[in-house]
Amino acid sequence: MDRYNRHIILSEIGQKGQDKLSNAKVLVVGAGGLGCPVLQYLAAAGVGNIGIIDFDVVEKSNLQRQILFGSSSLGKNKAEAAKMRLLDLNDSISINAYPEKLTYQNALDLFNQYDIIVDGTDNFETRYLINDACILTNKPLVFGAIYKFQGQVSVFNHKNGPSYRCAFPNKPKRNSVPNCSEVGVLGILPGIIGNLQANEVLKIILGIGNLLSGKLLFYDALTNQITTLTVKRNDTEIQKIISIKNDFKKVELNQPCEVQIIDVSIKDIINKKNIQFIDVRELYEQPEVKGLNVTKIPLSVLEDTIGTLNKDKDIAVFCQVGIRSKTAVSILKNHNIQNCYNLKEGVLEINEYLNRIQKQETNG
Amino acid sequence: MQITIKYFGLLSEVTGCKEEVYEFSGGSIAKLIDELYVKHPSLRNKEFQVAQNQELVPLKTELISNEIVLLPPFSGG
């Protein structure tokens, strides 16, 4: 077959290896920054059965890094849009799109239909769910995760190797680690990390080379530094998951309920009495807000400090640009604090406004 | 002894450096981390693992290397 000629002439792959790829079944969870490059190379390589699960829709701010999508995909479900693009790339493979959320209820049945699971998600709740479901269905997990300019790659749960919980046993508290939409990400970074993931998938299928099983690879795009750390299997962590097998489907994804968030502008509330301003940025973040009485409670510790808030006052939350503050308001509302508002301005705009009215007062 | 400490991910933002040299009187990694908490209080509420000699190790492990890595989990994708 012409399409796979450059694979087949490699002695390490040959027609036999290409047949292995053609018979393989790979599920990619999340068709975002990581999922797109993984899917692109798996489809091009001729992986015969590819599943894509993603509930989200394509937005313009995704196009900077989610390379399967273009203007014509805006507003479409990511799994469906990715399938369309991939079938154009390779119409000889079969692709299943699942336009839904991965949950404790559907994960085991879905994973059982595939040989290898790829994690391209963007939150810890789903990452731990994927890891645990891979343990219970005995599927290898090709893991990737990113932060700004840095990424991590590993192969977990492969032939009795360690799992994600062996590397990171403690699930971080919700919001303690910011995600791409909050802090930004270099567009090419998920491309690099996703390609490393795709490479691990192909090596698992072909049975060639050395895998990142028992290794956690760390990559820094700014310095080109690669650090590979050994991860040992921790049977206690894995046994904990096996012991909850029968109750697995009863677990609910721990995500905050949808609440109505009221956006307000600094100019509308600055003169209100009985209001406390809360800065949910991390303590080291700059600049400071000058000329406003502010309580600093980083988002990462908000849930633990809710008891210290003065419940007789209205609460106005702000952060650097206005995204984390929304999360903070939904956390507060989920804890039954109703009189709280999201400041739609970030710190820079707030400072600009405060400077302006200060000047007006001085001049007037 | 002088220990080189490398901070990955957002830990370098919390501490203000990608790596630093720290004078340590010896003991377990947990003891070293406790001292780092005093130097960098914002590290306290951060989740991370520690690697010594290129291997992730439990905090109770005795420090034997002159370089360690503090590695947080990443969630982005």
Side-chain angles (χ1 to χ4, degrees), chain A residues 29-30 32-35 119-127 144-152 162 164 166-173 176-185 189-190 193-194 215-216 218 220 222-223 225 227-232 234 282-285 298 300-301 304, chain B residues 3-22 28-77:
Chain A
V29 185
L34 293 171
D119 182 351
T121 60
D122 64 356
N123 64 85
F124 286 118
E125 287 299 329
T126 315
R127 289 187 180 284
I146 52 175
Y147 178 76
K148 288 188 176 178
F149 299 95
Q150 302 177 343
Q152 298 169 346
Y164 183 54
C166 304
F168 296 104
N170 313 317
K171 178 157 54 174
K173 286 203 175 127
S176 66
V177 179
N179 64 34
C180 301
S181 66
E182 292 165 353
V183 297
V185 64
L189 177 73
I193 298 299
K215 304 276 176 195
L216 181 62
F218 174 90
D220 186 332
L222 291 181
T223 59
Q225 187 187 32
T227 310
T228 310
L229 304 170
T230 301
V231 183
K232 289 231 170 89
N234 181 341
E282 294 294 321
L283 298 175
Y284 54 85
E285 287 182 73
S300 52
V301 297
D304 296 334
Chain B
I3 316 290
T4 300
I5 299 159
K6 293 188 168 181
Y7 298 105
F8 285 5
L10 86 170
L11 301 184
S12 67
E13 294 160 40
V14 169
T15 60
C17 58
K18 277 199 165 181
E19 65 175 72
E20 65 178 342
V21 176
Y22 184 81
S28 68
I29 289 174
K31 178 169 171 250
L32 173 61
I33 300 297
D34 274 341
E35 291 182 24
L36 293 176
Y37 282 158
V38 176
K39 187 171 183 193
H40 306 291
S42 309
L43 268 182
R44 275 179 201 278
N45 58 26
K46 295 286 169 273
E47 185 62 49
F48 59 84
Q49 296 296 314
V50 180
Q52 160 166 269
N53 289 332
Q54 316 297 325
E55 179 176 336
L56 294 186
V57 290
L59 289 183
K60 59 175 193 246
T61 311
E62 196 71 8
L63 186 87
I64 51 169
S65 168
N66 55 10
E67 182 185 295
I68 61 166
V69 178
L70 268 58
L71 179 91
F74 294 168
S75 71

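Chain naming here is simple, since letters A, B, ... match the order of the sequence lines and numbering starts at 1 in each.
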Output, in order, the C-alpha distance, side-chain angles, deciding distance and verdict of side chain to side chain contact (heavy atoms under 4.5 Å, CB included) for B:Leu71 and A:Leu216. CA-CA 10 Å; B:Leu71 179 91; A:Leu216 181 62; 3.4 Å; yes

Shortest non-hydrogen contact between [X] and [Y], atoms and distance:
{"X": "A:Ile146", "Y": "B:Phe74", "answer": "O-CB, 3.7 Å"}
{"X": "B:Gly76", "Y": "A:Leu34", "answer": "O-CD1, 4.1 Å"}
{"X": "A:Phe168", "Y": "B:Pro73", "answer": "CE2-N, 3.5 Å"}
{"X": "A:Ser300", "Y": "B:Asn45", "answer": "OG-ND2, 4.0 Å"}

Spacing of [X] atom [atom1] and [Y] atom [atom2] [to the nearest 0.5 Å]:
{"X": "A:Phe124", "Y": "B:Glu47", "atom1": "CZ", "atom2": "CD", "value": "8.5 Å"}
{"X": "B:Ser75", "Y": "A:Lys171", "atom1": "OG", "atom2": "NZ", "value": "13.0 Å"}
{"X": "B:Leu56", "Y": "A:Asn234", "atom1": "CG", "atom2": "CG", "value": "11.5 Å"}
{"X": "B:Leu11", "Y": "A:Tyr147", "atom1": "CG", "atom2": "OH", "value": "9.0 Å"}

Decide yes or no for [X] and [Y]: does some side-chain heavy atom of the first lie under 4.5 Å from some side-chain heavy atom of the second?
{"X": "B:Phe8", "Y": "A:Thr227", "answer": "yes"}
{"X": "A:Leu229", "Y": "B:Gln49", "answer": "no"}
{"X": "B:Glu13", "Y": "A:Glu282", "answer": "no"}

So for [X], is it side chain, backbone, both, or neither that comes closer than 4.5 Å to the heavy atoms of chain B?
{"X": "A:Asp119", "result": "neither"}
{"X": "A:Phe218", "result": "side chain"}
{"X": "A:Leu189", "result": "neither"}

Taking side chain as everything from C-beta outward and backbone as N, CA, C, O, which of these in B:Val57 sits under 4.5 Å from a heavy atom of chain A? Side chain, backbone, both or neither.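 When you check distances to chain A, no heavy atom of B:Val57 falls under 4.5 Å.
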
Chain A contact via B:Pro41 - which portion, at a heavy-atom distance below 4.5 Å: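 Neither part.
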
Taking every non-hydrogen pair under 4.5 Å, which of B:Ala51, B:Gly9, B:Gly16 racks up the most with chain A?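 It is B:Gly9.
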
Determine whether A:Gln225 and B:Lys18 satisfy the following criterion, side chain to side chain contact (heavy atoms under 4.5 Å, CB included), listing intermediate values before the conclusion. CA-CA 12 Å; A:Gln225 187 187 32; B:Lys18 277 199 165 181; over 6 Å; no

Within the supplied structure, the quantity of interest is the number of heavy atoms (other residues, nucleotides, ligands) at a distance under 6.0 Å from A:Lys232 NZ; does it exceed 12?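 For A:Lys232, atom NZ is not crowded (no more than 12 foreign heavy atoms under 6.0 Å).
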
Heavy-atom pairs under 4.5 Å with chain B are the metric here; pick the option from A:Ala167, A:Gly144, A:Gly194 that has the most.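 Most pairs with chain B among the choices: A:Ala167.
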
